[in-house]
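Accompanying notes for the structure given below.
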Amino acid sequence: MPGEKELINNLIDTYSNLQQIKQANGDHKNQVLDYLIRVTVAKLSSMGINVEDITL
């Protein structure tokens, strides 16, 4: 079972990947992508991680 640090690291990687996809999409709206980003932010926030410093 993964530890908390590994889980946080994986969530940060996921958030980073989603941000890169969003940036690559330009002006194209993608509701699913926006939802996944919000869920990932909520998970990180619940673990005390502020995503402001890692947001593109």
Where do N30 and L33 come nearest, in terms of heavy atoms and distance?
-> OD1-N, 2.9 Å
In terms of heavy-atom contacts, T40 and L11 come closest through CG2-O, 3.6 Å
Stepwise side-chain contact (heavy atoms from CB on, under 4.5 Å) test for L44 and V41 | CA-CA 5 Å; L44 286 166; V41 168; 5.8 Å; no
Could you state the interatomic distance from CG (N10) to CD (E6), rounded to the nearest 0.5 Å?
-> 5.5 Å
With rounding to the nearest 0.5 Å, note down the distance linking CD1 in I21 to CD in Q23.
-> 11.5 Å
Chi angles and distances behind the side-chain contact (heavy atoms from CB on, under 4.5 Å) call for N17, Q20 | CA-CA 5 Å; N17 291 337; Q20 291 175 58; 4.0 Å; yes
For side-chain contact (heavy atoms from CB on, under 4.5 Å), just list the numbers for K43 and L7, CA-CA rounded to whole Å, side-chain angles, deciding distance to a tenth of an Å, and then say yes or no.
-> CA-CA 10 Å; K43 288 179 180 181; L7 179 58; over 6 Å; no
Check: S16 side chain, I12 main-chain N or O, donor-acceptor pair, under 3.5 Å | no
Is D34 salt-bridged to K22, cutoff N-O under 4.0 Å?
-> yes
